[in-house]
Amino acid sequence: MTIAENVAGVRQRIQAAASRAQRDPKKIELMAVSKTVPAESIREAYEAGIRLFGENRVQEFTGKAPALREFTEARWHMIGHLQTNKAGSAIELFNAIDSLDSLRLAQKLNAAAMHSERKLPVLIEINIGGEQAKSGVALDSEELKQLLSIAPELKNLEIRGLMALPPYSEDPEQSRPFFRRMREKFHEISNQRLPAIGMLDVLSIGMSHDFEIAIEEGATRIRVGTAIFGERKSARSKA
Ligand SMILES: *Cc1c(COP(=O)(O)O)cnc(C)c1O
């Protein structure tokens with residue numbers, strides 16, 4: 001299967017899941033996760049119409065970025081853990097940070113974004129399974145409350161929504177309760193109408209093996225790597 005065929009297949013599955021859930025498929029954004037993937041494969045995805053890409057390492061993307069400049073309509077989002085000392089380089093490389101996982105990182109990004117013309121869009125990453133090995137703020141934590149309450153001071157950031165990766169299971173149904181909790185939190189925060197948090201419109205949940213469940217549970221963005229680009233060779237790329 002070519003990458004273009006994979007993209008077409010994923011789009012069909014998005015359509016089918018959306019119609020099962022009686023949702024408008026246009027409200028579900030497909031992000032291609034291109035970590036570990038070479039620029040030639042990214043080109044194939046771009047030519048198949050993908051415009052939103054997720055990468056998880058500053059260093060890897062620094063190396064690939066020069067080969068990707070011609071894809072002028074592409075948007076590049078950071079979806080991996082970002083060390084605070086790389087906030088400055090991340091801002092230069094990426095259009096958005098979808099993996100804001102601490103108050104400290106929020107402050108660093110806000111300071112680093114001081115001179116940019118536009119606010120930096122961010123998603124707060126929630127560690128929905130409470131897993132040691134994963135980053136993200138805990139769902140009912142003080143840190144999440146603080147992050148939301150200091151948002152008015154973070155004038156260079158624009159909090160757009162939430163992102164999460166549930167614990168991995170072969171059985172995608174196991175992701176459903178975690179996705180559901182994410183949707184509830186997403187609605188709860190939207191309904192609070194916090195000052196300085198504008199439209200909270202992105203709920204980024206669901207990957208290759210469970211994106212259909214995520215769509216049924218309200219995902220507005222899914223992050224698909226393997227189902228588009230094939231199995232990743234390097235085991236280092238933490239999912
Ligand atoms: C790698 C990765 C994905 C994509 O995973 P696949 O199973 O290959 O679709 C999605 N989200 C994050 C945060 C990732 O690191």
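- Ion pairing of Lys185 with Glu188 is present here, as a side-chain N (NZ or NE/NH1/NH2) and a carboxylate O approach within less than 4.0 Å.
- For the pair His209/Tyr168, a side-chain contact is recorded, criterion being any heavy-atom separation below 4.5 Å from C-beta on.
- Once rounded to the nearest 0.5 Å, the distance linking CD1 of Ile124 with CZ of Phe186 reads 11.5 Å.
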Q: Evaluate the criterion side-chain contact (heavy atoms from CB on, under 4.5 Å) for residue pair Val7 and Glu44; output intermediate values, then yes/no.
A: CA-CA 10 Å; Val7 168; Glu44 285 183 55; over 6 Å; no
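- Annotation for Asn156 and Ala113: closest pair CB-CB, 3.8 Å, computed over non-hydrogen atoms.
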Q) Can you list the steps and then say if Arg221 with Met163 is a side-chain contact (heavy atoms from CB on, under 4.5 Å)? A) CA-CA 9 Å; Arg221 177 183 296 162; Met163 194 267 269; over 6 Å; no
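- In summary, of the residues considered (Val10, Ile3, Leu30), a side chain to side chain contact (heavy atoms under 4.5 Å, CB included) with Ile50 occurs for Leu30 alone.
- Counting all heavy atoms, side chain and backbone alike, Gly225 lies closest to Ser208 at N-OG, 3.6 Å.
- For the pair Ile126/Val137, a side-chain contact is recorded, criterion being any heavy-atom separation below 4.5 Å from C-beta on.
- To the nearest 0.5 angstrom, Met78 atom CE is 6.5 Å from Ile97 atom CD1.
- Of all the heavy atoms in Gly136 and Asp101, the pair that sits closest is N-CB, 3.5 Å.
- By the 6.0 Å contact criterion, NZ on Lys108 is open, its count of non-hydrogen atoms from other residues, nucleotides or ligands being 12 or less.
- Across every non-hydrogen atom of Ala39 and Ala67, the tightest pair is CB-CB, 3.8 Å.
- Taking the charged nitrogens against the carboxylate oxygens, Arg223 and Asp98 have no contact shorter than 4.0 Å, which rules out a salt bridge.
- With contacts defined as side-chain heavy-atom distances shorter than 4.5 Å, the pair Leu162/Ile189 qualifies.
- A heavy-atom distance below 4.5 Å is not found between the side chains of Glu125 and Leu105.
- Distance check, rounded to the nearest 0.5 Å: CZ of Arg160 to CG of Leu100 gives 14.5 Å.
- Heavy atoms from other residues, nucleotides or ligands lying under 6.0 Å from CD of Gln59 number 12 at most.
- Between the side chains of Thr84 and Arg104, a donor-acceptor pair is found at a separation under 3.5 Å.
- Taking 4.5 Å as the limit, some side-chain heavy atom of Leu82 sits within range of a side-chain heavy atom of Leu109.
- Phe178 carries Arg181 over the face of its six-membered ring, with the cationic atom under 6.0 Å from the centre and within 45° of the normal.
- In this structure, Glu5 places its CD atom where more than 12 heavy-atom neighbours from other residues, nucleotides or ligands lie under 6.0 Å away.
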Q: Given side-chain contact (heavy atoms from CB on, under 4.5 Å), test Arg51 with Tyr46 step by step and report yes or no.
A: CA-CA 6 Å; Arg51 292 294 178 269; Tyr46 187 82; 3.4 Å; yes
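- Rounding to the nearest 0.5 Å gives a distance of 10.0 Å between CG of Leu200 and CG of Asn191.
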Q.
side-chain contact (heavy atoms from CB on, under 4.5 Å) for Glu142 and Lys145? Distances and angles first, verdict last.
A. CA-CA 5 Å; Glu142 272 312 306; Lys145 283 193 199 120; 3.5 Å; yes
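- Nearest heavy-atom pair across His81 and Ser135 is CB-OG, 3.8 Å.
- At a threshold of 4.5 Å between non-hydrogen side-chain atoms, the residues Thr36 and Phe229 do not count as touching.
- A salt bridge does not link Glu184 to Arg180: none of the charged side-chain nitrogens sits closer than 4.0 Å to a carboxylate oxygen.
- At a threshold of 4.0 Å, the pair Glu60-Lys35 does not count as salt-bridged, since none of the basic side-chain nitrogens sits closer than that to a carboxylate oxygen.
- In this structure, Ser34 OG and Ile228 CD1 are separated by 9.5 Å, a value rounded to the nearest 0.5 Å.
- No side-chain donor-acceptor contact under 3.5 Å links Arg13 to the backbone of Phe211.
- Side-chain contact between Asp201 and Thr220 is absent, with no heavy-atom pair separated by less than 4.5 Å.
- Residues Arg176 and Glu216 are paired through a salt bridge, judged by an N-O separation under 4.0 Å between the basic side chain and the carboxylate.
- Nearest heavy atom pair, residue Ala74 against residue Asn95, reads O-OD1, 4.2 Å.
- The distance from atom CD1 of Ile215 to atom CD of Gln15, rounded to the nearest 0.5 Å, is 9.5 Å.
- For Trp76 and Phe53, the gap between ring centers is short of 6.0 Å.
- Glu55 is not listed as a side-chain neighbour of Leu93, based on a closest heavy-atom distance of 4.5 Å or more.
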